[in-house]
Amino acid sequence: MIEILVDEQKHGFEAGVTAAEVLADKDAIAARVDGRLVDLSVRLEESCTVEPVRFGSEEGRKIFWHSGAHLMAQAVKQLFPEAKPTIGPAIPDGFYYDFDVPKPFTDEDLGRIEERMKKLAKKQIPIIHKWFPREQAIKFFSERGETYKLEIIKDLPDKRISVYEQGDFVDLCRGPHVPNTGRIKAIKLLSVAGAYWRGDENNRMLSRIYGIVFPTEGQLKEHLARLEQAKLHDHRKLGPALDIFSFHEEAGAGLVFWHPKGATIRRLIQNYWNREHLAAGYQLVVTPHIGRGRLWQQSGHYDHYREDMYTFMVDNEEYVLKPMNCPGHMLIYRTKVRSYRDLPLRMAEWGTVYRNERSGVLHGTIRVRGFTQDDAHIFCTPGQVEDEIFGVIKLSLKMLRAFGFTDFNVDLSVRDPKHLDKYLGTDEQWDLAEKSLISALERSGLKYHRAEGEAVFYGPKIDIKLLDSLGREWQCSTCQFDFNLGDRFKLYYMGEDGKHHSVYLVHRTVLGSIERFVGILVEHYGGAFPTWLAPVQARVMTVTDKEIGYARNVVRQLVAAGVRVEIDTRSDKIAYKVAEAERLKIPYMLVTGAREAQKQVVSLRRHGKGNLGTFSIEATLAQIGEQANVPG
RNA sequence: GCCCAUGUAGCUCAGUCGGUAGAGCACUUCCUUGGUAAGGAAGUGGUCGCCGGUUCGACUCCGGCCGUGGGCUCCA
């Protein structure tokens, strides 16, 4: 007899009982035994603690999706015997599996593979874990011509190799897995893509299939509905549809043309940003868009970043279109001897930069080749570092919250302790920087994730990633130390002691780039901007031609009060005008018919909410005005 | 940059087994003056992404390029 702790209760079992028998839980797809994830079929020989792992948990989903990847690989091997499986992991939303095939998969293949998967799932094929002695594993996979598996085995130190068998399909795999293919009830293959073996572009391009599976049809439907929702929020569709921006093939990829409405949104963001930054003690500067190549050699960008820079010749000398604002700010700092009394110096710029991003990474306004950073550099003394970092975090959070974001994931990126030689700067600098980042994070009460080895070579940093209305993560704010530029530009300040000291340099942005940020806002709000950011806040519409005079009068009063307003006097029916205004997601619709004109009122309608009733002009202005303030 | 897919009117999409194109919406005009998510009619609008090749003839087949999308990679 052994004693097993299940659900906080001890039970006696015969040694050799399986986890499945102990749990007797229909929803369990795997088990956790003394903290280790194992198959339900595992035999328990000693006293232990057993917990069920269900699809509802993150690790449960990972196991389930990984089993989905195996099922797909089985189907692929049956339909395409020449396909060599490589790796097929679970990802946050499903799984993928990469195959080496003579001809890449097409979308048509997906349907066939999906059908075969459904067939295999119905058969409820048992998924069996086996240990192969190393030699046997090598023999087995070489007989099958699965050279990629052999390559993986080569890197495994173990004497015995873990494999999973389901019918005719055997895969090298650590597991665990669901007990049989029948647990997978709903299957959807989503897309095919090319991917390099081991992510290295010098290696062979493999054919990748993305898919997702669920224990019930309902969950798949829900998931697909979420994907539909994301499509409706796509800024690449909404932007042009709402007359915010456009792209033009004849102008070049990754270059945004901002229409009046988009330019208005940018201006509103910038006005708010400027107000907050001036209040927080920043000074705004402006620097040129081009410069001599040697400036970029001095900053070091030229060596590291050459590929991404646009360069051109001027009088036999190479110039560059600025890809970063930093060197300009360094030059301004250096124009006079700075005293410790002058610090901290916070220098900010709406800096438009151009980078020759590789064509494949361009994405709407979110990843472009010309963009405007809300850039700033803080020059300070070691003693000021912590307060400055805290100030940056506070400012970032305040602003991001004003834009409607409430949830954040924060990363603290520090050196890789195993490769300290990769980094510039002294240990003292890194220690002080890291300590100040941590205490600033703690002061602001933020939970954060410590990412070892994620720091860039010139300093540690904090990244604030926001979660939008659909739960998607976007990286915007960053606050990073720079131990490189201070040296390269010989930046110092005169200390109290009358000696030169090197400055601490902090590079930071709140929004990242305004192009990207507007794109994120469009996605977040699905194009329905809050009143304070809406390019058009109100539209006045007449019911018949007789009220045009009154409607114009209403518009005049709104304009005088600073409301961004349009008028619709077309001879269409009011229902049509309302439909269009709703489609354009204009926050307030003011209907001015004969009844309203007679009483000098308007009938107010809110986007997405419908008719609010009739209000006087003053009451209408008060209502819009209240919504037009920056929140927070 | 690489793999795959894709490009027909402002938008959404039909279509042509190779014989130079069509719908709905939008737009313009006219009728309509109607009360909260699309009233009616007529009309304008396309070098079928661009360049080259094959062909008597190319939107259609082939090649190259550009753009876009899904990924990979990159993100000093």
Side-chain angles (χ1 to χ4, degrees), chain A residues 91 96 98 100-101 103-110 190-210 231 234 236-237 240-241 243 246-255 296 299-309 323-324 326-327 353 355-364 367 424 456-459 475 478 480 482 484-485 507 512-513 516 541-548 569-585 589-596 602-614:
Chain A
I91 52 174
Y96 67 79
D98 287 346
D100 187 353
V101 276
K103 233 174 51 190
F105 296 115
T106 64
D107 289 329
E108 288 85 68
D109 295 332
L110 290 192
L190 297 162
S191 59
V192 285
Y196 302 105
W197 167 237
R198 298 206 150 149
D200 184 338
E201 62 183 298
N202 298 314
N203 286 341
R204 193 169 156 71
M205 175 73 72
L206 307 170
S207 192
R208 172 174 298 182
I209 304 176
Y210 283 89
K231 248 189 214 166
D234 194 330
R236 294 166 302 183
K237 294 301 275 184
D243 202 13
S246 56
F247 289 92
H248 301 274
E249 187 179 337
E250 54 267 65
L255 301 169
W296 304 94
S299 70
H301 291 110
Y302 200 94
D303 294 333
H304 283 95
Y305 205 55
R306 170 91 183 77
E307 301 263 293
D308 280 356
M309 287 164 51
M324 309 224 156
C326 325
V353 296
R355 300 179 184 173
N356 188 8
E357 304 280 1
R358 298 165 84 177
S359 60
V361 305
L362 301 175
H363 180 89
R367 192 81 185 262
L424 287 179
V456 269
F457 69 88
Y458 52 78
Q475 213 233 282
T478 182
Q480 44 189 266
D482 192 320
N484 177 39
L485 287 178
H507 170 108
S513 98
R516 178 181 159 79
M541 35 203 147
T542 51
V543 175
T544 77
D545 290 354
K546 296 185 195 75
E547 305 96 33
I548 292 179
T569 59
R570 292 175 300 181
S571 72
D572 292 297
K573 287 191 173 177
I574 191 67
Y576 177 88
K577 298 185 187 183
V578 166
E580 184 180 85
E582 286 284 353
R583 199 174 54 243
L584 295 174
K585 303 172 198 286
M589 289 152 270
L590 282 62
V591 176
T592 56
R595 294 202 293 267
E596 290 81 3
V602 299
S603 170
L604 198 57
R605 184 187 167 100
R606 191 77 222 267
H607 168 72
K609 295 210 174 85
N611 198 350
L612 303 179
T614 55

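Each chain gets a letter, A, B and so on, in the order its sequence line appears, and its residues count up from 1.
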With the side chain defined as heavy atoms from C-beta on, A/H363 is closest, among B/G34, B/G35, B/G70, to B/G70

Salt bridge check: are A/D200 and A/R198 linked by an N-O gap of less than 4.0 Å?
no

Separation of B/C25 atom P from A/D572 atom CG, nearest Å, is 13 Å

_Does A/G610 reach a base, just sugar-phosphate, or nothing at all? Heavy atoms under 4.0 Å._
nothing

From CH2 of A/W197 across to C1' of B/C72 the rounded distance in Å is 14 Å

dist A/R516:CZ -> A/R367:CZ (nearest 0.5 Å) comes out at 8.5 Å

**Item:** Phosphate OP1/OP2 of B/G35: any A/R595 side-chain N/O under 4.0 Å
**Value:** no

Of B/A76, B/G35, B/G67, the nucleotide closest to the side chain of A/I574 is B/G35

Taken to the nearest whole Å, CG/A/L604 to C1'/B/G35 is 15 Å

Touch check for A/S191, heavy atoms < 4.0 angstrom, all strands: base, sugar-phosphate only, or nothing? sugar-phosphate

| query | A/K237 near the nucleic acid: base, sugar-phosphate alone, or nothing, with a heavy-atom cut-off under 4.0 Å? | reply | sugar-phosphate

*Below 4.0 angstrom from OP1 or OP2 of B/A26, is there any side-chain N or O of A/Y576?*
yes

Review point. Just to confirm, is there a sub-4.0 Å distance from OP1 or OP2 of B/C27 to any side-chain nitrogen or oxygen of A/R570?
Key: yes

Next on the checklist: Regarding A/N484, tell me which of base, sugar-phosphate or nothing describes its non-hydrogen contacts under 4.0 Å with the strands shown.
Outcome noted: base

Closest to the side chain of A/V543, out of B/U73, B/G34, B/U68, is B/G34

Interatomic distance, OH@A/Y96 vs OG@A/S207, rounded to 0.5 Å, equals 13.0 Å

Hey, does A/K577 reach any base, or is it just sugar-phosphate, or nothing, if we go heavy atoms under 4.0 Å?
nothing

Notebook entry, point to check: Can you find a donor-acceptor pair, distance only, under 3.5 Å between A/R583 side chain and B/A37 base?
Noted result: no

Side-chain atoms of A/R605 come closest, of B/G71, B/U33, B/U36, to B/U36

Of the listed B/U33, B/U36, B/A76, the closest approach to the A/V578 side chain comes from B/U36

Of the listed B/G34, B/A76, B/C72, the closest approach to the A/M324 side chain comes from B/A76

query: When you check the gap from the basic side-chain N to the acidic O, do A/R605 and A/E582 get nearer than 4.0 Å?
result: yes

Distance col, row A/L590:CG vs A/L612:CG, nearest 0.5 angstrom, shows 10.0 Å

Counting the atoms with a prime plus P, OP1 and OP2 as sugar-phosphate, which does A/M589 contact under 4.0 Å by heavy atoms, base, sugar-phosphate, or nothing? nothing

Picking from B/U36, B/U73, B/A76, the nucleotide nearest the side-chain atoms of A/H304 would be B/A76

From OH of A/Y302 across to P of B/A76 the rounded distance in Å is 19 Å

Does A/Y210 place a side-chain N or O at less than 4.0 Å from the phosphate oxygens OP1/OP2 of B/C72? yes

Rounded to whole Å, the CG-P distance (A/L584 to B/A26) equals 12 Å

Sorted by position of nearest nucleotide on RNA chain B, 5' first, the leading residue of A/S207 and A/R355 is A/S207

When A/A193 and A/F247 are each assigned the nearest nucleotide of RNA chain B, the 5'-most assignment goes to A/F247

dist A/F105:CZ -> A/L206:CG (nearest 0.5 Å) comes out at 10.5 Å

Q: Describe the nucleic acid contact of A/A594 in one word from base, sugar-phosphate, nothing, applying a heavy-atom distance below 4.0 Å.
A: base

query = Heavy atoms under 4.0 Å, any strand shown: does A/E596 hit a base, just sugar-phosphate, or nothing?
reply = base

Separation of B/C11 atom P from A/E580 atom CD, nearest Å, is 17 Å

A/L362 CG to B/G69 P, in whole Å, measures 8 Å

Exercise: do A/T542 and A/K577 side chains pair donor with acceptor under 3.5 Å:
yes

*Do A/H304 and A/F457 have ring centroids that are under 6.0 Å from one another?*
yes

message: Heavy atoms only, 4.0 Å cut-off, all strands: where does A/G199 land among base, sugar-phosphate and nothing?
response: sugar-phosphate

Between CZ of A/R358 and C1' of B/U73 the distance, given in whole Å, is 5 Å

- prompt: Do the side chain of A/S571 and the base of B/U33 come within less than 3.5 angstrom through a donor-acceptor pair of N or O atoms?
  reply: no

Requested in this report: Would you tell me if any nitrogen or oxygen in the side chain of A/R236 comes within less than 4.0 Å of OP1 or OP2 on B/G70?
Outcome: yes

From the candidates B/C74, B/C2, B/G39, the one with an atom nearest any side-chain atom of A/Y196 is B/C2

